[in-house]
Structure formats: C-alpha cells, structure tokens
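Counting starts at 1 for both ligands and their atoms, following the listed order.
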Amino acid sequence: MFSILKYVLILVVPASVLLYRRFPFTFKETPVVTTPAQADPKKPLKSIMQAPREDLAPPKDDLYTTEQLKQYDGSDPSKPIYVAIKGTIFDVTTKKDVYGPGRSYSIFAGKDGSRGLGLSSLKAEDAVADYSTLDDKDMKTLNDWHAFFSKRYNIVGKVSDGPVIDK
Ligand code: HEM
C-alpha cells in the first residue's frame, strides 16, 4: 500500500505537473473563439462607411452656379470633387474611389442630386436638385444624408441658382 502511495507521490505527481506546464491546453477546455461583436453584444458593429471626422474646416459660403459646379465632377483629376445636397456643397475628394468617374456614386458628383438621395435612387433622371415633391419618409432620408455628409466632408459653399424649397 505504502509503495503505491510512494510511486504516486514521487513519479505521477511531478510528471503530471511537468506535462501540464508543457501542454496546458490538453488539460483545459478548448478555448471558444468569439468575434468582437459576440464578445460584447452591446457593442455596435463597425460600419464600413467613413467614420465622422473631428478635423473639418469651418464651413465656407462661397457661391457656385449649377454650371460652375459641373467642373467638379471628377473628370478633371486636378480639381476637387464636389457633391451638393439641398444647396450645400461638400468636398468629397477624399472619396474619389466612390464619387470619381465610373465609380458607384459618380452620379452625384458635380451637381446637386438631392432628389435621388432622398429617393435612394441612382437613376440619372432622379439626380436633380428639385426635391420639392418628396414625401416625409424620403425627406427624412435626404436630411439624414445631409447630416451624414456634414459630419464627414468640408463644406466649400452653396449653390447660388438652385431651386428655393422651404422644407
Ligand atoms: C444594393 C444596394 C446598395 C449597396 C450594397 C450599397 C453599398 C454601399 C456601401 C458599401 C457604402 C460604403 C462605401 C464606402 O464608404 O466606401 C455605401 C455608401 C453610400 N451609398 Fe450605397 N449602397 C447601395 C445602394 C445605394 C443607393 C440606391 C444609393 C442612392 C442614394 C446609395 C448611396 C450611397 C451614398 C451616398 C453613400 C455614401 C458614400 C460616402 O460618402 O461615404 N447607395 N453604399
């Protein structure tokens, strides 16, 4: 009986400790790999859209006609790219990959395409400044876009000859 106890104390216990130190996971449960969202369900998923910026310049109120605005549609790489919403002109040059020629949202470059933004439409005929006939839901979409751009892009001016709409 004593010899078995001695065998356990002298051989098995130190061997187990050494083995445990060498391969700790063989003795533990397999760790569960979680994504950050699973680890903290309250944490919002990271958006793929650009984050709001803290370094925006003070808004400018330079005036541009609709005709002048066309120069800033990205077709001349030496010029910035502008997008206007409800008459406010934003410099979106940092997002050439999105607003540049042939890119997903180039339809909004060099113009005020408020109506299209409100309607969530990428059709050329909708990318116009007159948003007067949008319903309340589409007006909210348009105003949300205005807020989205205001937090991310510098305001370089206003469209001088756009439609005057009081909503
Ligand atoms: C299946 C439909 C659509 C998909 C999968 C989609 C996808 C996306 C993605 C991935 C972005 C982020 C782009 C980036 O920051 O690089 C984005 C941004 C945007 N989307 Fe869409 N979109 C869709 C439809 C539309 C439509 C119909 C409109 C029309 C108003 C629209 C307007 C915009 C605008 C203005 C941005 C903001 C780009 C920025 O300045 O950061 N999208 N969309």
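- Counting only N and O atoms by type, the side chains of Ser121 and Arg115 include no donor and acceptor under 3.5 Å apart.
- Residue Lys95 touches ligand 1 through its side chain alone, judged by heavy-atom distances below 4.0 Å.
- For the residues Ser120, Ala51, Ala127, the heavy atom positioned nearest atom 30 (C) of ligand 1 is part of Ser120.
- Summarising the geometry of Leu122 relative to Tyr105, their closest heavy-atom pair is CD2-CD2, 3.6 Å, with the distance given to 0.1 Å.
- Atoms of ligand 1 found under 4.0 Å from any heavy atom of Val98, numbered from 1 in the order shown, are 16 (O).
- For ligand 1, the atoms closer than 4.0 angstrom to any heavy atom of Tyr153 are 39 (C), 40 (O), 41 (O).
- Look at Asp55 and Arg53 and you find a salt bridge, because one of the NZ, NE, NH1 or NH2 atoms lies within 4.0 Å of a carboxylate O, short of that distance.
- Side-chain rings of Tyr72 and Tyr82 approach one another, their centers coming within less than 6.0 Å.
- Contact record, Tyr153 with Lys95: OH-CG, 3.1 Å, taken as the closest heavy-atom pair.
- Ligand 1 has an N or O atom lying under 3.5 Å from an N or O atom of Tyr99, backbone or side chain.
- Closest heavy-atom approach to atom 18 (C) of ligand 1 within the set Phe149, Phe148, Tyr105: this belongs to Tyr105.
- No N or O atom of Trp145 sits closer than 3.5 Å to an N or O atom of ligand 1.
- In summary, Lys140 and Asp136 do not engage in a salt bridge, as defined by a charged side-chain N under 4.0 Å from a carboxylate O.
- Distance check for Ser104 against atom 21 (Fe) of ligand 1: none of its N/O/S atoms falls below 2.8 Å.
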